[in-house]
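Below: one structure, written as C-alpha cells.
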Amino acid sequence: MTANPTAVPLERQDALYIRDVLDLADRYLRNPWRTSGLATGIAAACADGAQRLARHLDEKKEH
C-alpha cells in the first residue's frame, strides 16, 4: 500500500471525533428499538460533522 502524498494527517482530536461519530451511528443501527425519525437526524449530524472536519483539515492544509 502506498501513501497518498496529498493526505492530511489527522490529529488525535480529529480521529477521536470520527471514532465517536461512527460509534454512535453503529450503536443506533444495532438498536432493535430504533425509530426512522432518528435515522434522518443521525445521518444529518454525521454529514454535518464530516463537512466541518473536511473544512478544518482543508484549512490546516492551506496553512
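- Taking the side chain to side chain contact (heavy atoms under 4.5 Å, CB included) definition, one finds that I18 meets it with L10, L22, L53, sequence neighbours left out.
- Residues satisfying the side-chain hydrogen bond (donor to acceptor under 3.5 Å, both in side chains) test with R12, not counting sequence neighbours, are none.
- For N31, there are no side-chain hydrogen bond (donor to acceptor under 3.5 Å, both in side chains) partners two or more places apart in sequence or in a different chain.
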Inset, instruction - Under the salt bridge (charged side-chain N to carboxylate O under 4.0 Å, His left out) rule, what do R27 and D23 come out as? Steps first, then yes or no, please. - result: CA-CA 6 Å; R27 282 190 281 147; D23 182 54; 3.1 Å; yes
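- When the side-chain hydrogen bond (donor to acceptor under 3.5 Å, both in side chains) test is applied to D48, the partners found at least two apart in sequence or on another chain are R52.
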